[in-house]
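Basis for what follows: all heavy atoms, side chains included, without hydrogens, waters or symmetry-related copies.
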Amino acid sequence: MICSFYFVIVKNKKDQRGIYLINGQKVTDCVYDSISVHGSLDDGFGCAIVMKKELFGVVLENGKEVVPVKFHYIDKTVSGYIVYDKQPDGSLLKGWYSRDGKSNIPCLFKGIGYTYYNKIDVETPDGLKGMYSFNGKQIVPPIFKSTNKIGN
C-alpha cells in the first residue's frame with residue numbers, strides 16, 4: 001500500500017512540470033508551468049492546483065482535469081474550489097466547482113461563502129444575495145438584500 005503524500009513533481013528541459021505517484025504511475029504529462037499539491041494524490045483525497053500560461057486549474061490523482069485551466073486564481077476548500085475570473089475592468093468575480101468537477105456555479109459573484117447543510121451563499125457585484133447547493137443548483141435566486149438561515 002502506498003503511503004499518503006508520496007508523489008513526485010517532475011520538470012522537463014522546457015521547465016514544464018508533471019506529476020508521478022511514488023509507485024511510478026504517471027498522473028500528468030509535463031505541460032504545466034507550476035504545480036501545487038494539496039492532500040494526498042495516492043488515496044483519492046488530494047488535488048493538484050496547476051498553472052499554465054498564468055491560468056489555473058485542478059487535476060486529480062487519476063490525471064483528470066476537474067477544473068479547466070482557465071481561471072486567474074483558485075482557492076481549495078473542504079468541499080470544492082472557489083474559482084476567480086478576471087473581468088475586463090480588472091475585478092475578479094468568483095464561482096465554484098465541486099471536488100469531482102461535476103457541479104459548478106459560474107463566475108458571477110463578488111462573494112461566495114459556505115452555510116450550514118452544504119449550501120453556498122453568493123453575493124452579486126450589486127450586493128444582492130442568494131444561495132446554491134453543492135451540486136450547483138440555485139436554491140434562492142441572487143435578487144435579495146439579505147438572506148437569513150433559520151432552523152436546525
Transitively linked via ILVMFWY side-chain contacts under 4.5 Å: [X] with [Y]?
X      : Y      : result
Leu60  : Ile49  : yes
Ile120 : Phe109 : yes
Leu93  : Phe71  : no

If you compare all heavy atoms of [X] against all heavy atoms of [Y], which two are closest, and at what distance to 0.1 Å?
X      : Y      : answer
Val58  : Cys47  : CG1-CB, 3.7 Å
Tyr84  : Lys94  : CE2-CE, 3.4 Å
Met131 : Lys119 : SD-CB, 3.7 Å
Val66  : Asp100 : CG1-O, 3.3 Å
Ile19  : Val10  : N-CG2, 4.5 Å
Ser98  : Phe134 : CB-O, 4.2 Å

Is the backbone N or O of [Y] less than 3.5 Å from a side-chain atom of [X], with the two atoms forming a donor-acceptor pair by type?
X      : Y      : value
Arg17  : Asp33  : yes
Asp126 : Leu128 : no
Asp29  : Val31  : no
Gln87  : Asp85  : yes

Side chains of Ser91 and Asp89, donor plus acceptor under 3.5 Å: yes
Any side-chain heavy atom of [X] sitting closer than 4.5 Å to one from [Y]?
X      : Y      : value
Lys110 : Thr124 : no
Phe56  : Met51  : yes
Pro68  : Tyr97  : yes

Inter-residue atom distance [X].[atom1] - [Y].[atom2], 0.5 Å rounding:
X      : Y      : atom1 : atom2 : value
Ile9   : Ser36  : CD1   : OG    : 7.5 Å
Glu123 : Ile112 : CD    : CD1   : 11.0 Å
Tyr132 : Gln138 : OH    : CD    : 4.5 Å
Lys70  : Cys107 : NZ    : SG    : 7.5 Å
Ile35  : Lys11  : CD1   : NZ    : 11.0 Å

Give me the one residue out of Val83, Asn104, Ile105, Asp75 that meets side chain to side chain contact (heavy atoms under 4.5 Å, CB included) with Trp96. Ile105
